[in-house]
Amino acid sequence: MGIGATAGVAAVGGIALNAQASSDRSSGQAASASDALVFDPDAYTRLTTSVTGTDGSTHSVTYHFWKALTYVADPVDEKYQSLNVSVPVEIDGTAVDASDAPILFANSVGGYMPSSVADATGIGGGGMGGGMPGGGAPSGAPSASASAPGANGNTNATGGALSTNQLLALAAGYVVVEPGARGRTLENSAGEYYGTAPAAIVDLKAAVRYVRFNKGRIPGDTDRIVSAGTSAGGALSALLGASGDSPLYEKYLSELGAADASDAIFATGAWCPITDLEHADGAYEWNWGANAAQSTGKVVDQTVSKELRAQFAEYQAALRLRGLNGFGPLTARNYDAYLLEQYLQPSATRYLAALSDSDRAAYLAKNTFITWKNGRASFAWDDYLTHVGARKKTTPAFDAFDLSAGENNEFGAGTTESRHFTAYSAENDTTGLSTRRIAADIPEKLRLMNPMYHLVEKVNGRRSKHWWIRLGASDTDTSHVVSANLAAAAAGLGDKVNHLYYWDKGHGANDDPGDFIAWIAKVTGHKARK
Ligand code: DHB
């Protein structure tokens, strides 16, 4: 198993790339800085890998692999600001033409850490990110059904599950682009942090621009870019979808010499997105405030928890979101009922329905809080919280009073490694800061990092209109309302939203990757290979 390079010969065959490349110079703006960004259709390696489908069938996929292409003209750090491209040319012995196929744009960011694909030896080999230190190991075992670990042996927050989407996409005949991106821990010799917000999203946008600038040279349909990412990578994927072509990022993109092209994407896949960070502390306490913390076995400071919960109630009211399927206005008061009705009970129902009669009976005997009637699971919110058990984080979960959270580092700037990004935590700072207020640049950084800004506050017409959102029902890395709000905001704008929870799964789970691949075919109008 794994990925085996069969030949390093750059023989062009199967795809009519050369003719297109020479006749399609018009797709770029011919700016001189952009000349460096012209994709060379011939500069690939021919590789073959074996992909196990979700049904257990094995497929031999031969693909052309372009490695470590720097996607900006003036990179800060090419190791991260580069991307890999994989284009299938032969699947199970049959030639395929991917020139009009959807493009899966799969980032491998974890923990808002740097992610590089530069050392990958094939598809799915990216991900130098290390997850969120101090956040504990992901509790959700990756449930990848495609084989082949990262080709360079790297894993990140989501381990082997990360490359599942890429491998299945390749075997379905799609083009796969894997961008690297700067991350929060990068520090130069002057002690400056150069990968903190908004570096990662700016990089991903620059990478999308590179792909679109190379329309006709790079195989695939640049109008059908579907982004994917998990956790912090899911947050960035959602942000990429929400903020397409937003002028907010322009100055950052031009500093890097990003290609002159649109950075809007067609569809968004986001697994357990750790987003809406400035409201996540309140949302977390609303959700998990009564659960003991994993690290201490005790409930967190209930005064802090309650104050944060009150902030969530205010925020949720201000969002003015309506629940899916005619639920009505979503508030802190009814959100438990909404999660149960819309997501959690259906999630348990799907899980239980798929079990054999005897396995179901055994599960129900162990989990007596669930009522199984007429093929449906029902249960009470408090019992569900007890079932999930210990919360992964202490309080506040994201803007820690002592600046110890990874997100504090994500909002670092210059030579300051970590900063507060909420007024509440700045006021309650325990590190001895002289000012107890957030820095003047923080509000702009928050807008740059939050998909909700682009969906609610300043609705972006250039956003992605198709959303695939997934979350483990036992994931306590953030509040369940974070992705449910994302889904409600997008659906409220008329976008198509497909959001499910995986029962009994923790952080980073990807239980239905085959469905995601089929969904891509459906929303892009591409005829999927069987
Ligand atoms: C990730 C996990 C977290 O708990 C978090 O706060 C940020 C990112 C991650 O796995 O990417």
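The shown structure was predicted, so the numbers you read here are calculated from the model rather than taken from an experiment. For ligands, and for the atoms within them, numbers begin at 1 and follow the listed sequence.
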May I ask you to check whether [X] has an N/O atom sitting below 3.5 Å from an N/O atom of ligand 1?
| X | result |
| --- | --- |
| Gly111 | yes |
| Tyr112 | no |
| Gly233 | no |
| Asp477 | yes |

Per-atom contacts, ligand 1 versus Phe398 - under 4.0 Å to a heavy atom:
6 (O)
Using a strict 4.0 Å cut-off to heavy atoms of Lys393, name the atoms of ligand 1 that fall inside it.
3 (C), 4 (O), 5 (C), 6 (O)
Heavy atoms from other residues, nucleotides or ligands near CD of Gln302 exceed 12 (cutoff 6.0 Å):
yes
So with a 6.0 Å cut-off around NZ of Lys465, is the heavy-atom count from everything else above 12?
yes
Which residue, Arg419, His420, Arg436, forms the side chain to side chain donor-acceptor pair (under 3.5 Å) with Asp429?
His420
With ring centroids as reference points, do Tyr315 and Phe312 lie under 6.0 angstrom apart?
no
Would you please indicate yes or no on a ring centroid separation below 6.0 angstrom for His480 and Tyr343?
no
Between the side chains of Tyr424 and Glu307, does any donor sit under 3.5 Å from an acceptor?
yes
Within reach of ligand 1, part of His507 (heavy-atom separation under 4.0 Å)
side chain
Is the Tyr284 ring parallel, tilted or perpendicular to the Phe398 ring (thresholds 30°, 60°)?
perpendicular
Heavy-atom gap Gly110 to ligand 1 smaller than 4.0 Å
yes
From atom 6 (O) of ligand 1, work out which of Lys392, Glu410, Glu407 has a heavy atom at the shortest distance.
Glu407
